[in-house]
Amino acid sequence: MINSINSGMSMPPPPRSDQKLTEEQQSLISETLSKFDAENINETDALSIIDAFSQAGIQPGEALEKAMSSFGFDAKTLGDLAEVKGQGGMPPPPPKQSTEEITSMVDYLKELLDEKLATSSDSVLSDEDKQSILAQVFEKFGIESDESIINTTA
């Protein structure tokens, strides 16, 4: 039964650190960097810039590196100054899920599947049914649409 569900449903991809920048974000980058001299930047300046970008939801990635470069700033140097080392430009991984959380999700998923199959004359779920069940799981457990149901990072 689970295989028939899995066969037609793809999991959303993990969030990418290389987002495209909106015009608003590009303007914020321009405004923020215009307040600093790229040749004379210190740790406090770097922390201030990173904080401004973070508050605006701008993630480290190629788009940000290119935007910063166009203003004469090197993203790696800025990160080094702010001591944002060892993260590889990626945000920290989400916290691990407990076995109880995963078991709870599996139990809820089984309950939804059993209900849907009991009310259907078919023994196979449609893609619409699968998406509906997935949406219910996301809603119940507060999972964003761009997140994976189960955190597989170690």
Side-chain angles (χ1 to χ4, degrees), residues 2-109 112-113 125-154:
I2 297 282
N3 285 341
S4 66
I5 292 169
N6 199 23
S7 65
M9 182 169 34
S10 62
M11 296 299 292
R16 291 189 54 182
S17 66
D18 189 32
Q19 68 181 16
K20 292 188 182 208
L21 299 172
T22 65
E23 286 185 32
E24 185 177 304
Q25 289 172 324
Q26 290 174 358
S27 292
L28 181 115
I29 291 168
S30 173
E31 288 175 29
T32 302
L33 295 179
S34 69
K35 299 173 187 174
F36 300 95
D37 178 5
E39 300 299 319
N40 296 308
I41 196 133
N42 60 37
E43 180 181 341
T44 304
D45 296 338
L47 287 169
S48 177
I49 293 168
I50 289 172
D51 184 54
F53 293 169
S54 178
Q55 287 183 19
I58 301 171
Q59 297 292 318
E62 188 177 339
L64 177 59
E65 288 178 35
K66 285 181 181 178
M68 290 178 67
S69 178
S70 70
F71 293 99
F73 288 82
D74 179 62
K76 183 180 180 336
T77 301
L78 192 77
D80 288 345
L81 278 171
E83 297 184 11
V84 183
K85 298 176 185 172
Q87 294 182 16
M90 298 290 291
K96 288 176 139 181
Q97 291 172 311
S98 70
T99 303
E100 293 82 26
E101 289 174 302
I102 295 171
T103 300
S104 178
M105 276 191 227
V106 170
D107 290 344
Y108 184 64
L109 182 58
L112 292 174
L113 291 170
L125 297 175
S126 69
D127 286 343
E128 186 177 297
D129 290 338
K130 294 172 192 176
Q131 290 301 323
S132 171
I133 289 169
L134 182 62
Q136 290 176 55
V137 170
F138 274 46
E139 182 178 332
K140 177 170 175 93
F141 293 95
I143 301 169
E144 297 294 323
S145 62
D146 63 343
E147 294 178 323
S148 177
I149 290 180
I150 298 176
N151 175 8
T152 59
T153 58

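- Closest approach of A67 to L21, counting heavy atoms only: CB-CD1, 3.9 Å.
- Taking a cutoff of 4.0 Å between a charged side-chain nitrogen and a carboxylate oxygen, E31 and K35 do not qualify as a salt bridge.
- Note that the CD1 atom of I49 and the CG atom of L81 stand 9.0 Å from one another [nearest 0.5 Å].
- Applying the side-chain contact (heavy atoms from CB on, under 4.5 Å) criterion to S30, with sequence neighbours excluded, gives F71.
- Of all non-hydrogen atoms in M68 and F53, the two that sit nearest each other are SD-CE1, 4.0 Å.
- Side-chain N or O atoms of S27 include one that pairs as donor or acceptor with a backbone N or O of E23 at under 3.5 Å.
- To the nearest 0.5 Å, atoms CG (L47) and CG (L78) are separated by 8.5 Å.
- With sequence neighbours left out, the side-chain hydrogen bond (donor to acceptor under 3.5 Å, both in side chains) criterion links N40 to D37.
- Taking NZ of K130 as the reference point, atom CG of L112 lies at 15.0 Å (rounded to 0.5 Å).
- Distance check, rounded to the nearest 0.5 Å: CD1 of I29 to CG of L64 gives 5.0 Å.
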Which is it for Y108 and Q136 under the side chain to side chain contact (heavy atoms under 4.5 Å, CB included) test, yes or no, and what are the steps along the way? CA-CA 9 Å; Y108 184 64; Q136 290 176 55; 4.1 Å; yes
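- Under the salt bridge (charged side-chain N to carboxylate O under 4.0 Å, His left out) criterion, D45 pairs with no residue at all, not counting sequence neighbours.
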Starting from the C-alpha separation in whole Å, work towards a yes-or-no answer on side-chain hydrogen bond (donor to acceptor under 3.5 Å, both in side chains) for S48 and D51. CA-CA 5 Å; S48 177; D51 184 54; over 6 Å; no
Show, in sequence, the C-alpha distance, side-chain angles and deciding distance for N42 and F36, and conclude whether the side chain to side chain contact (heavy atoms under 4.5 Å, CB included) test is met. CA-CA 10 Å; N42 60 37; F36 300 95; over 6 Å; no
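- Atom-to-atom distance recorded for L109:CG and L113:CG is 4.5 Å, nearest 0.5 angstrom.
- In this structure, K140 has no salt bridge (charged side-chain N to carboxylate O under 4.0 Å, His left out) partners at least two apart in sequence or on a different chain.
- Annotation for A46 and I41: closest pair N-CG1, 4.2 Å, computed over non-hydrogen atoms.
- Looking at residues two or more places apart in sequence or on another chain, you find a side-chain contact (heavy atoms from CB on, under 4.5 Å) between T22 and E24, Q25.
- Remark: side-chain polar atoms of S54 are not paired, donor with acceptor, to backbone N or O of I50 under 3.5 angstrom.
- Nearest approach of G72 to A38, heavy atoms of both residues: O-CB, 3.2 Å.
- Atom CZ of residue F73 and atom CD of residue E39 lie 9.0 Å apart, to the nearest 0.5 angstrom.
- For the 3.5 Å distance criterion, the side chains of D127 and Q131 fail to qualify, holding no donor opposite an acceptor.
- Residues forming a side-chain contact (heavy atoms from CB on, under 4.5 Å) with K76 (at least two apart in sequence, or on another chain): D74, D80.
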